[in-house]
Amino acid sequence: IGLTDENIDYFGPRLKGRKIFGEKDVMYPHGTIWRTGANSGTKISFSTDVKVENIDVPKGEYLIFTWPGAGEWTVSLYKDLSLGGNTAEYDASQEAAKFKVKTRKLADKVETFTISIDDIAADNKSGKVTLAWENTAVPFTVSVDYDEQVMKSIADNTKMNPGNYFQAASYYLENG
């Protein structure tokens, strides 16, 4: 997103005919913590500072934990990577961000848990991270200060290579 590298490392469990989210007779009942993936938990990293659902998140790597709900999920970015998928030892003081997002019902069933980075804005300032499994999608917004990043890159690169002034001028012209 913009000039920020965003990486997600996860294991994708499969449905295998099971009911995953809901109130009863499901793998992950509404309101209970889930490591959001299989095995050692899901990690997300950002190469620069970002905002996740308008919450400042410093560059770095985090675990993703979720609490599924009927129409809304709680999502947490967790600082202590050593926790892995051990939800029993979850400590709220290790949260880098915690927020609620609305879910979307999917028309087609998703067999394997999938996370995507999509819906990148035309101005490169934001995108969505979408968790999808069974017939539920959980999108949340990651945004960056793209203009500040570009200005810093221009300053850094024109000091090293004066030939980059043309590219800098083009960016300034196109973006006011």
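- Atom CD1 of I117 is separated from atom OG1 of T130 by 9.5 Å, given to the nearest 0.5 angstrom.
- Between D123 and Y146 there is no side-chain heavy-atom pair separated by less than 4.5 Å.
- For E111, the CD atom is densely surrounded, since the number of other residues' heavy atoms within 6.0 Å is greater than 12.
- Rounding to the nearest 0.5 angstrom, the gap separating the NZ atom in K152 from the CG atom in D147 is 15.5 Å.
- Side-chain N/O atoms of Y90 and S76 include a donor and acceptor closer than 3.5 Å.
- The shortest side-chain heavy-atom distance between E6 and I44 falls under the 4.5 Å cut-off.
- R14 and T112 form a side-chain donor-acceptor contact under 3.5 Å, judged by distance and modelled atom types alone.
- A distance of 12.5 Å separates NZ of K79 from CG of L63, quoted to the nearest 0.5 Å.
- Here the two rings, on Y78 and Y62, have centers that are 6.0 Å apart or farther.
- Going from atom CD of E61 over to atom CG of L77 covers 11.5 Å, rounded to the nearest 0.5 Å.
- I1 CD1 to S126 OG: the interatomic distance, rounded to the nearest 0.5 Å, is 7.0 Å.
- Note on V110 and Y28: separate hydrophobic clusters, where clusters join Ile, Leu, Val, Met, Phe, Trp and Tyr whose side-chain heavy atoms are under 4.5 Å apart, directly or indirectly.
- Taking the charged nitrogens against the carboxylate oxygens, D145 and K125 have no contact shorter than 4.0 Å, which rules out a salt bridge.
- Side chain of R35 to backbone of G37: a donor-acceptor contact under 3.5 angstrom is found.
- Between K19 and E134 a salt bridge is recorded (basic side-chain N to carboxylate O distance below 4.0 Å).
- In this structure, T66 and I64 have side chains that are in contact, with non-hydrogen atoms separated by less than 4.5 Å.
- Here the side chains of L83 and F65 are in contact, with some heavy-atom distance below 4.5 Å.
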Check: Hey, mind stepping through W34 and T87 against side chain to side chain contact (heavy atoms under 4.5 Å, CB included) and telling me if it holds?
Finding: CA-CA 7 Å; W34 177 39; T87 59; over 6 Å; no
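- Checking T4 against T48 by side-chain atom types alone, a donor-acceptor pair falls below 3.5 Å.
- Ion pairing between D49 and K59 fails under the 4.0 Å rule for side-chain N and carboxylate O.
- Using a 4.5 Å heavy-atom threshold, the side chains of W133 and P13 count as touching.
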Notebook entry, point to check: Do F113 and F11 pass the ring pair (Phe, Tyr, Trp, His ring centres under 6.0 Å) test, and can you show the C-alpha distance, the side-chain angles, and the key distance before you say yes or no?
Noted result: CA-CA 8 Å; F113 174 67; F11 292 94; over 10 Å; no
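- There is a path of hydrophobic side-chain contacts, each under 4.5 Å, that joins I8 to V50.
- In this structure, P139 and R104 have side chains that are in contact, with non-hydrogen atoms separated by less than 4.5 Å.
- Summarising the geometry, atom OG1 belonging to T74 is positioned 10.0 Å from atom CD1 belonging to I33; distances are rounded to the nearest 0.5 Å.
- Proximity of F46 to V57: side-chain heavy atoms (C-beta onward) are separated by under 4.5 Å at one or more points.
- Residues T136 and V138 have side chains in contact (heavy-atom distance under 4.5 Å, counting atoms from C-beta outward).
- The side-chain tip of K98 points at the ring of W67 from less than 6.0 angstrom away and within 45° of straight on.
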Next item on the list: I would like to know whether F99 and W73 meet ring pair (Phe, Tyr, Trp, His ring centres under 6.0 Å); could you show each step before the answer?
Entry: CA-CA 8 Å; F99 49 90; W73 282 29; over 10 Å; no
